[in-house]
Amino acid sequence: MTNYVDFYRRSIEEPNEFWAEQARLIDWQTPPTQVLDDSRPPFVRWFAGGRTNLCHNAIDRHLATRGDQTALIAVSTETCSERIYTFAQLHAEVQRMAAALLAIGVGKGDRVLIYMPMIAEAVITMLACARIGAIHCVVFGGFASGSLASRIEDATPKVIVSADAGSRGGKVLAYKPLLDEAIRLAAHKPGAVLLFDRGLAPMALVEGRDHLASVVLERHAGADVPCEWLDATDVSYTIYTSGTTGKPKGVQRDTGGYAVALAASMKHIFDGRPGETYFCTSDIGWVVGHCYIVYGPLIAGMASIVYEGLPTQGLDGQPNGAIWWELVEKYKVTVMFSAPTAVRVLKKQDPALLRKHDLSTLRALFLAGEPLDEPTASWISEGLGVPIIDNYWQTESGWPIITIANGVEKKASKFGSPGVPMYGFKVMIVHETTGEELTAPGEKGVVVIDGPTPPGFMQTVWGDDARYVSTYWQTVPGRSVYSTFDWGIRDADGYYYILGRTDDVINVAGHRLGTREIEESISGHAGVAEVAVVGVADGLKGQVAMAFAVPRNSAVLTEADQALVLEGEIMKRVADELGALARPARVRFVGVLPKTRSGKLLRRAIQAVCEGRDPGDLTTLDDPATLQQIRSVVGSASAN
Ligand code: ATP
Ligand code: MG
């Protein structure tokens, strides 16, 4: 096994040689003539002159050696169904869908907007787009009409592919009315809409525009659609960021660089091997789903599980907090990928469920998307008995920026740290106002990336190069570096710690405090399941911290004396650990916290409610009732 320090150094010092080697992990129809072209920074062109195709690398390439091996396992605990596709079957399905798209006039470079639940057809549609060189724009299924409309306008799709409905915890969400309303609102109209009918909700078809996918697909059974060879730098897809901090941006990705980045990450980071099963619990609406439900595992010749449903419901539709572990046993999952938010849901259950099934095939659980607090990490790590690997990245980066390259060297993880910079990423900590690089261990600053950005990184903001440059590359004074907009520190061993978003800092009586640190301290209290801390304007101190906690014992929500005791303990804990300044002014208890659809805390909305302001754009808010809860506890606070 290689030493990671050398591996990393080579990626930075000899990027051409390093990435030329990684490029051999995929198939090229024409090999690249140039590896790195950074003649127009901050824009980077990887593997110019090369021609390849993502779908070819995900499917066709494996047909000769593993055509009969499982490629896709579509499991829904909502419709109580399981369906398995071998690589050969997936090949046939994808060609049929590709033929259908071609027949309705979709060509290379055209956008296809996908608004679908977590079903195999969604993955098949993405791969079909890749096959014919169409650009897919997946929008999280069930997003409200307004947010869908703005994405339709930005992407101007020729065709939209959707379904009658999604389902979550047994509650059917009809997509078609949302889609119809979104198309009505949007200035751009798609030429055609293809609809998969799952039989969950009625659909009224618009004459001339809407087509039932089953009818169209039947005409193309047995179709033979060759892969369209694309330039490495051709666009493969666009995807919008989660919208935690504001208006989502259309992140644009290339083809060749992305394929190489994913193939390399499957090997060097996830250590996933051909023939094994990968289980990523994310959604195709997020970047993690694009990379590690669809393309990454398939490119690596692994089977991938596509999962629709809650982590707490079984295949018989009954409550089952061990369903994910049941799937690990059943499909011999070796690598699993989830999010801290999902683990926190499981944490409310009996830990014995984690040991109910045979997990002997599982080698590691990767978690990403938000800070992984120590109590959550310890709970799941002890419960499962496998290494938990935190990985830090963004929609923009396309693959992990900071983690442990498990396939290169199984370096030890440190609690609270996602790890070290991944090969190709020149990560630095800089001073927020001077832009000066902070090299001393423990110095807190903004996490930035120096160019050239590695393969797989976003090419630009869709249709807006100027926005890409001004949003990401011109915010650090005196330097042209990419800002992640996250705070971080690096320790003496080179491990990084992410301390929260740059807009999640509060200023109490002239002292700057990260809300993440306060949250970490509070979540260490055994009585707290989850917590959000925001800074609220205060006439005296500038800002004060306000905490909203989900208690483990729900009696705290109704019994005022219990709430008071817990609040007092929490305040003491924070004061002891971080100092009196960090102590929240109040701790309020709620049943759930407001989150985005991808499970991230919407602190800006909580803060706005606390300050009596309009919470602004709430299209990414998962459940409006959660913000209502905040409103009511804030309201009762001021009444006291
Ligand atoms: P928007 O940019 O639209 O506000 P977003 O930043 O939530 O939305 P994503 O790209 O999905 O959209 O999320 C990336 C962000 O998530 C990171 O910048 C970081 O703040 C957070 N994050 C992701 N993984 C981790 C991790 N392992 N530890 C800490 N924070 C993480
Ligand atoms: Mg972001």
Side-chain angles (χ1 to χ4, degrees), residues 138-140 143 147 150-151 154 238-251 253 269 282-292 337-343 365-374 376-377 388-404 413-422 425 427 446-449 456-458 461 467-468 471-472 475 482-489 495-505 514-517 519-520 594-605 616-622:
V138 182
V139 176
F140 183 83
F143 249 164
S147 29
S150 62
R151 286 158 175 79
D154 195 65
T238 67
I239 180 172
Y240 294 86
T241 55
S242 301
T244 308
T245 47
K247 189 175 174 281
K249 302 162 272 290
V251 167
R253 195 98 60 216
I269 299 177
S282 181
D283 189 285
I284 51 152
W286 313 126
V287 69
V288 173
H290 281 62
C291 300
Y292 300 114
F337 193 142
S338 192
T341 184
V343 177
L365 169 64
F366 291 81
L367 296 174
E370 13 153 18
L372 176 62
D373 56 283
E374 187 166 339
T376 302
I388 304 301
I389 302 178
D390 186 2
N391 55 119
Y392 163 79
W393 47 305
Q394 306 183 308
T395 307
E396 292 87 342
S397 70
W399 56 286
I401 301 168
I402 298 175
T403 185
I404 300 290
S413 288
K414 293 194 189 188
F415 273 131
S417 164
V420 298
M422 283 301 96
F425 283 104
V427 183
V446 183
V447 180
V448 302
I449 300 166
F457 202 88
M458 74 187 289
V461 171
R467 187 173 174 206
Y468 176 60
T471 303
Y472 296 104
T475 61
Y482 170 91
S483 177
T484 63
F485 300 106
D486 288 311
W487 296 110
I489 55 171
Y495 283 66
Y496 282 71
Y497 295 77
I498 303 298
L499 305 176
R501 296 164 188 267
T502 49
D503 55 357
D504 284 342
V505 162
T515 50
R516 157 102 202 264
E517 295 154 79
E519 286 170 1
E520 182 100 11
K595 291 187 177 172
T596 64
R597 284 292 169 92
S598 56
K600 297 176 188 220
L601 282 173
L602 258 181
R603 291 191 192 77
R604 69 174 162 83
D617 180 16
L618 288 181
T619 51
T620 56
L621 178 65
D622 185 29

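Values below: every heavy atom of this structure, side chains too, minus hydrogens, waters and symmetry copies. The chain is numbered in sequence order, starting from 1. Ligands are counted one by one from 1 in listed order, and the atoms in each one are counted from 1 as well.
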Non-hydrogen atom of G369 closer than 4.0 Å to ligand 1: yes
Contact partition for T395 relative to ligand 1, non-hydrogen atoms under 4.0 Å: both
Location of contacts on W393 toward ligand 1, heavy atoms closer than 4.0 Å: backbone
Partner set under side chain to side chain donor-acceptor pair (under 3.5 Å) for S150, not counting sequence neighbours: none
is_close_aromatic(F457, Y482), centroid dist under 6.0 Å: yes
Where ligand 1 meets D390 - atom numbers and elements under 4.0 angstrom, heavy-atom basis: 26 (C), 27 (N)
Atom indices of ligand 1 within 4.0 angstrom of N391 heavy atoms, with elements: 24 (N), 26 (C), 27 (N)
Check: T403 side chain, D390 main-chain N or O, donor-acceptor pair, under 3.5 Å: yes
Residue-ligand contact L372/ligand 1, heavy atom below 4.0 Å: no
Ligand 1 atoms in contact with P371 (distance to a heavy atom under 4.0 Å): 28 (N), 29 (C), 30 (N)
Residues T471 and K249: side-chain donor-acceptor under 3.5 angstrom: no
Region of R501 engaging ligand 1 - heavy atom pairs below 4.0 Å: side chain
D486: numbered ligand 1 atoms lying under 4.0 Å from its heavy atoms: 17 (C), 18 (O), 19 (C), 20 (O)
Side-chain donor or acceptor of H290 paired with backbone N/O of G285 under 3.5 Å: no
Y496 side-chain N/O to V427 backbone N/O, donor-acceptor pair under 3.5 Å: yes
Smallest separation among heavy atoms of S413 and I388, with atom names: OG-O, 3.9 Å
E370: numbered ligand 1 atoms lying under 4.0 Å from its heavy atoms: 22 (N), 23 (C), 24 (N), 25 (C), 26 (C), 27 (N), 28 (N), 29 (C), 30 (N), 31 (C)
